[in-house]
Structures are given as structure tokens and as C-alpha cells.
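Written out below as C-alpha cells is the structure these notes cover.
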Amino acid sequence: MNKKIMLVDGNSIVNRAFYGVPLLTNSNGQYTNAIYGFFNILFKLIDEDKPDYLGIAFDLKAPTFRHIKYDGYKGTRKGMPDELAEQMPALKELLSALNIKQYSFEGFEADDILGTLSRIAEENGMETIVVSGDRDLLQIASDKLKVRIPKTKGGKTETEDYYAADVIAKYGVTPSEFIDVKALMGDTSDNIPGVPSIGEKTAVKIIQEFKTVENAIENVDNIKPQKASKNLKEFREQALLSKFLATIVRDVPVELDLEHMPVIGTAISDEAYQLIKKYEFKSMLNRFIVNNKEENQTSKKYKILNSKFEFNDYISGINNGNEVSYILFCENEELVGVSIYYENGGGVFAPIGNEISLESFKKMSKGFFENGEIIKTGHDIKNDISLLRKIGIELKGAAFDTAIAAYILNPTRDTYYCDDIASEFLKLSVKSEEEVLGKGKSKRPLLSLTNDELLEFAAVQAEIISMAKPVMEKQIKDNNQEKLFYEIEMPLLFVLSDMEKYGIKVDKEKLLKYQSMLEAELETITSEIYSLAGEEFNINSPKQLGVILFEKLGLKGSKKTKTGYSTAAEVLEKLKFESPIVEKILYFRQISKLKSTYADGLLNVMNKETEKIYSTFNQTITATGRISSTEPNLQNIPVRLELGRELRKVFIPTNDEFVFLDADYSQIELRVLADMADDETLINAFKEGQDIHRLTASQVLNIPFEDVTSLQRSNAKAVNFGIVYGIGAFSLSQDLGITRKEAEEYIESYFHKYPNIKIYMDTTIKNAKENGYVSTIFGRRRPMPELSSSNFVQRSFGERVAMNMPIQGSAADIIKIAMVKVHDALIKNNLKSRLILQVHDELLIETHKDEIDAVSKLLKENMENAVHLKVPMVADVKIGRSWYETK
DNA sequence: GATCTCACG
DNA sequence: ACGTACGTGAGATCC
């Protein structure tokens, strides 16, 4: 077999790592995030590729031949931040201690060294892998040479991998042509000038036709568009210079020193061990065999409790005031095990189902779980509550949820499993469920594991969350997020739990009728479409539909998606008058959606006995702080179109003794914005209860309030939406069907009239860039690594997110506060009414008929007084015998 | 599993 | 010159 070699661009990877991992320090206050992230990426790639040789190239500080040729080279680049610079020597020291070969060469960049070493390796028949955070390296990809570009996202590393064919597939040019494309379009991050007015699109088109910059210059008169041709003629020298700068040198006088390029094995030097300890990379040590007792006793300290007696002994030894952490394990919604940890008792795992039956588990553990004097740390407590409730246990004393804490500290992760907690807060690497049990079809049952495996995977989890808790507490305190966590999110967990338990009643007969009505309608419209098309096809397949509409019927489609024609409603809407089939397809889509997602979907999840629907409300999903709803999603039940809205008639109170009260916040996001931006005009308008969109129209268009037409008002409404989303002229113009120029004028005029909003948006972005995160009024944070991206699209996205998150997130905070207050007030006053749904700015309460007045009042007051901003909060309460009627 | 489409705030 | 609104979840198709 051919030998494999991995060559890494040290500088670009360490940069990625630095921006992808939050600023961590060890207990001496040394920054370690870039080093930590660097090795995470490196280990992942080594594990995946299993190379035989490894080398890492670094830039030197000295100017390179490119700087000498062109003194603007990389001129726009700012130096490394100090927090990163101080990690560089430490990184190199650790690499040396780990025997990892490092290359650098005066006058050349790491890229050039990689280009050279990889050429030599390839010529010697080696399988070559080049790792870089920079797309520049794509120019050296070949059939045998793979370029890997890693990204760190939410604590996980993902890579994009490119052989030559992948470059062609993605960019439409060969790797070597990639240089020519870059020469034409330039590169702002390296300050490569390129040719004015030629961007990526044009550059690719030109190179696809002419192959090289030189050839394009020779045929410059044949180049279209005119502007590109003219500029290439004028800036030909600059284009050639750019090509020179962009070309990676592949003959640096450096030697490939295979003998000194070992890959990190499992044994490491004492020096390396000491360094890793010093930086507190505990998880890294797990990779290595360390001759050190303290590191090698993980599973020895836990016990499996296999008999009732052992379990009973352990659990009855827990006393009031003990701080205990626990993890429940379940499969198919059935408890199969529990791990528990507390300081004096140590860590245990007890399997449930065999020796310890579910019934005996219940008897023995009830006293523990229901004792509020035993302070518990759990992970996803809301889930535990419902699991325990099924066997007749009411959980009490649950004071700290590590999943929610982890979410508060970083809401952008995809998952918050125990192994995520271990690596993020303890720098400890433990096996994930997927690693231990597998996934999908081949997933093994937990209790098929050996005792040692159970200890290593299951028992450890209780101790993990127990160790993570103080770390999280400190971070929450340091972040000023104590109120957010202890007074909003933790209490909310119990509110959501009650909502899930209570469910919402469905009028089954009515839903069945609705379903068959849609069914009949769908049949009719389907045959009409077939006859208009002249053939039968799958209308639900965008691919087949595209063929019918744009090829067979010859409608002019604007190619939009990666895979073919777009048939989205906004496209079809424009083609409505071209053929009668279009309108029918739009109608088909509407009916089809209502039937499959809503009618069929809701019937599927309805509990047959209670005829209720029990949704799950997720508290750790969104990046902004909103909750989400799944299985089913009750936060997207149709309302905008009447036919869909009819569906709301099937959501009804449990019985005749109850009605629905529904309250929604009026303009909560704009009120939040008015407060945060401290904009006088907006604040006064809200104080006076003015029509805010009408006001915007009169301000922006400079016309009297009374003269605003309904069209002007609705346009202004779109502008207000745009402001909340982080406005862009293009999208606004699309939304309003006006030109981009007009949209720009709207926006400019808006900011002119609301200067503090402009200032607020700008300072929000500026602060976000400085801090690396944005935050809400109540201190909820969202990390914003996108803002330091060199990619225009990503950075712009980051800026819009930075503007939107504090608004959307503060609104989410406010309604969460209101939910806790409303929920607690219902309980405290011994009312029969219950909070059953939240839809972002709306609360639905199933209200007992005797309590209508009391609950209306309580609901309105608690919502309006959840917070006191510079503007009043307004909640409108409606009543109805179904959700439909509460409009 | 990725992609497209569409429902909501 | 770039490609665009922010935040979600679900069903259907197709590879």
C-alpha cells in the first residue's frame, strides 16, 4: 500500500481554532483556546485519515518574496490579536515535545512549503493530504492529493474535502485555473488587487472560456461583458501581478524529511505530558498511555449496583442536604438504568429491568426523588419529570439543570449531551452514546454493555454533571446571567413540563371531517392538473414539476436552486398569468400541505384515549432564546389564510366547563427595539398608543399621519420588519416589489428619521465584534464568530444576526418571564385554569368558566408587567370556545 | 441524509 | 462584485 502523508498549514488552522473556540484559559490565566482547538482539529483528521507521516508548516515573521514584489501584499491584514499571539510559542513548544515535525522557510509562506512538500510526496507516489483553513490551497488539489478544509462549529469539527474533481464540481474550474480566477477577482483578505469590476462570477466565466489570464489578455477584445474587457485591458499588469501573488510556489528549496515526521502515537514524552497537564487539556491525555496512576483509574471509582440490596443501601444512604447528581437512562420511553453521584457516596450505576425491577426501583427511589430536601443536579430535568411521572414518582428538589446551563452559556450548539458538557466545561473526553451504542438500526441496548463499559459510559455521566456544575455556576456568575438562569430558565422548565403534561384537546370528529374534505379537494385538483399537463406525474416532486412547467409547457423559469428549477411559491406566483396550471399547482400545494402536515400529522400524534395532543417544548434549541415545539409543532398552526385557519377550530378546551383565553403581545419586538435603541420618536409613539406602521410611513415619506394610504402603511410595515431582521436594500426591494434604489432610499430616510436606531445598530455590531457575542436585555448571549469571517457573505450574515438577536431574544426573555409569573399565579390562587401553549408572543390558557375574569386580569397584568421598559408592554386578551375563535 | 417547500412568529 | 432578510419544524422526494 502506498504511504500516506498529512501536511498541515499551521497558521491557518490555528487561526480557525482561535476564532472557533471560545477564549479559554487555564487556571494560571494563560489563553489556551487556539492550542486546544488546533489539536482537536489535528486529532480528528489524524483519526480519520490515519496518515503514516505528519508535518506542519508555519509562516515566519520575515517578509516573503511576495511582499518584496508587491509591498501592498497582505497590507489590509491586521496583526494577530494578543490573545492568539501569546499562544503561538506555546503551541510550537508542545508540537516539538510531541515530536511533530515543523517546517518554515525564510522568504516563503507556509502555503509554498506545503505546495513543495506535497509535490515531492506526490512524485514519490504517496497519498497526500493537505490541511488548510484557506481555500487558496485548492489550486494544488489533484487525483492523488486531497485538500481538507476544517471548520469548528459549536464545538464540533467538520471538514470540506477536495480532490481535483471536487474543485471542478464546486467551482467550475480546475485547480490550476483556480489561480487564474483569483488573479482576476482578487482577494481582499490578502490584498491581492485583481481586476476592478470582475468578481467571482465573471472571473469564472472568463477562465472557463480562456483557461488562463495570459490567454484572456491576448483575446481581451472577445471578453464579455464590455466593462470586464475594458478593465482587463487597462489593468493587465495588475492581473498578471495578482496571478504571480496568488500562485503557490512548489519548488522552495526545502527537503521532505520523512524520517523525522512521525505521527503522534499513544506514548508521549514526559515533557509533553507535563505541558499538556500545564494547559489542562485533560481530554488530550486520554489519547495517550500515561505512566501515571492518577490518570488511569477512571472506571475504578464507580460501582455497579446489581441487586436490590445494593441499590437500596446506596440510595437510602443519601441524606437531606446532600447535593446529588443523577442521570436517567431510557430506551423506548422505558427506564433502563440510573447513575447517581454524590461526594460521600461516590458514583454508581444501577440497571433497571432485571434484578431491580421497575416496580422495585420505584419503591426504593421514590423517597430519594420526591425528597425536596435533597438538592439535585440533573441533565434535561423536564424529560426526567415525565419519565418518573410515568412510574408514579413526582420529582422534587431539582435545582440545577446542566443542559439548560450549557445552553445559556452557549445557545449555538447542536447538541447538549453529557459528552458535550464534559468536553466543553471539563475538557474531558468521554465516550458519546453513539460511540458506545451505535446509532440507527444497529444501535445496541444499554444493558448489553459489559460492566466495565457501563461504568465508563453510564456511571461517569452523573459525576460529569456534578463536576460541571461549579464550572457552569462560575461562568454564569461571571457573565451576569444569574437572574436569567435561576429566575427565568430554571423555573420555566417546570412551566413547560406542566404544559406538556396538560396537552391540548382536539375535536376529533371535526379533524376527521377536515381531513376528508382536503382529501376530496386534492383528488379533484390533481386530475385537473393532470389534464392541463397532458400527463400524470408526481406534483409533489419539484423535479418532475419543473420538467412539466419549464420544459413541457415552456414557462420561463428562473433557475434558482442547486439541483434545478425552483418551483417555490414566489416563483410560481409570478407565472400565474402564463398558464392556468400554475394557480392550480399553488392550490394543490396549499391543500397538500394542510392535509399531510396538519390533518394527517395531528391525527397521528393525537392520544387516542384522551383525544389530546401533547407537544414537546424544547428549551435548548434556538440561538436566540425562543422555545421551540416538536412532535407536533404547535407553533406553526396555520392562521394567515382562511382555509388553513379553519384548522384552529379543532383545538378546543377539555370540556364544557372551560374556554380559551388567548393573549398576545402587541408589537413586542418593535417595543424592545424602541427601548434598547432609546429612540425618542418610537418611545413616544408607543407611550401614546399610536399606530406604529402608519407613523413609520408618515415619517419616512414625510407626509401627514392622516394622509398615509393603506399601501404606504403596509410598505412601512415591511420596513419595520426589515429593521428587526437586520435590513438589506435588496431583500426589502424584493419584498415590496420596488427597485433596489428605492429600497435604499426608504432605508436611508428611515435612519434619518430614527437616528438612534442607526446608532444602536452600528454600536451593536461594533460591540459584537469586540466582545465576540451579542446579548439581550436580560443578559442572554449568542456567540458571534461569523463577524470575524473574511467571507463577505458570512460576515454580512453575522451582522444581520447581531442586529436581530438582541431584539428577538429580549422578546423571548420577556414572554418567558410572563409565563413563569402566569403559571405561578394560577397555582398560587388555586385556579383550575392552565397555561397550555406559547407561540412566541402569544399565550393560550385553558380557562375555567368561573375564572374568566380573574384569569383575564391575571394574564394581562402579568404579561404587561413582566418587565418595565421605557415603553409600555401591551397584551390583548381574547376569549373563544376554540383556538379559532380567539382572534 | 440532503434538498426543497412551506407553515408559524 | 458579492447574495440577502431573523428564528424555527415537518413532510415529501430522491440519491
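Worth saying up front: this structure is predicted, and the values here are computed from it rather than measured. Protein chains get the first letters and strands the later ones, always in sequence-line order, with residue 1 at the start of each.
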Measure the distance from [atom1] on [X] to [atom2] on [N] and round it to the nearest whole Å.
| X | N | atom1 | atom2 | answer |
| --- | --- | --- | --- | --- |
| Phe721(A) | dG9(B) | CZ | C1' | 8 Å |
| Lys230(A) | dA1(C) | NZ | P | 12 Å |
| Asn538(A) | dT5(B) | CG | P | 14 Å |
| Glu842(A) | dC8(B) | CD | P | 12 Å |
| Glu669(A) | dC8(B) | CD | P | 17 Å |
| Gln590(A) | dC6(B) | CD | P | 11 Å |

OP1 or OP2 of [N] less than 4.0 angstrom from a side-chain nitrogen or oxygen of [X], does that happen here?
| X | N | value |
| --- | --- | --- |
| Arg626(A) | dG7(C) | no |
| Gln544(A) | dC14(C) | yes |
| Ser566(A) | dT5(B) | yes |
| Thr624(A) | dG7(C) | no |
| Lys595(A) | dG11(C) | no |
| Asn804(A) | dG7(C) | no |
| Arg640(A) | dG9(B) | yes |
| Ser628(A) | dG7(C) | no |
| Ser541(A) | dC14(C) | yes |
| Arg589(A) | dT5(B) | no |

Looking only at side chains, do [X] and [Y] share a donor and an acceptor under 3.5 Å apart?
| X | Y | answer |
| --- | --- | --- |
| Tyr598(A) | Gln515(A) | no |
| Arg780(A) | Tyr773(A) | no |
| Glu669(A) | Gln808(A) | no |
| Thr567(A) | Arg589(A) | yes |
| Ser789(A) | Glu786(A) | no |
| Ser628(A) | Thr622(A) | no |

Quiz item: If you find the nucleotide of DNA chain C closest to Thr202(A) and the one closest to Asn633(A), which residue's nucleotide is nearer the 5' end?
Solution: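 Whichever sits nearer the 5' end wins; that is Thr202(A).
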Quiz item: Given that Asp600(A) and Val719(A) both sit by DNA chain C, which one's nearest nucleotide is further toward the 5' end?
Solution: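 Nearest-nucleotide comparison on DNA chain C picks Val719(A).
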Base of [N], side chain of [X] - is there a donor-acceptor contact under 3.5 Å?
| X | N | value |
| --- | --- | --- |
| Gln635(A) | dC8(B) | no |
| Asn540(A) | dA12(C) | no |
| Arg782(A) | dG7(C) | no |

[X] side chain, from C-beta outward: closest of [options]:
| X | options | result |
| --- | --- | --- |
| Thr567(A) | dA7(B), dG9(B), dT5(B) | dT5(B) |
| Thr563(A) | dG11(C), dA5(C), dT3(B) | dT3(B) |
| Val639(A) | dT4(C), dC6(B), dG9(B) | dG9(B) |
| Asp735(A) | dG9(B), dA5(C), dT5(B) | dA5(C) |
| Ser197(A) | dC6(B), dA1(C), dG9(B) | dA1(C) |
| Tyr725(A) | dC6(C), dG7(C), dA12(C) | dC6(C) |
| Asn636(A) | dT5(B), dG9(C), dG11(C) | dG9(C) |
| Ile621(A) | dT5(B), dC4(B), dG9(C) | dG9(C) |
| Lys593(A) | dC6(B), dA5(C), dC4(B) | dC6(B) |
| Ile727(A) | dA10(C), dA5(C), dG9(B) | dA5(C) |

Self-check item: Salt bridge present between Lys741(A) and Glu744(A) (N-O < 4.0 angstrom)
Solution: no
Practice problem: Could you give the distance separating dC4(B) and dT4(C) at their P atoms, to the nearest angstrom? | Solution: 12 Å
Quiz prompt | Between dT5(B) and dA5(C) - P atom distance, rounded Å | solution =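 Going atom to atom, P in each nucleotide, I get 13 Å.
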Practice problem: Could you check if a side-chain atom of Ile817(A) sits within less than 4.5 angstrom of a side-chain atom of Val867(A), using non-hydrogen atoms only? | Solution: yes
Self-check item: For dA1(C), the Watson-Crick or wobble partner whose two distances fall under 3.5 Å
Solution: none
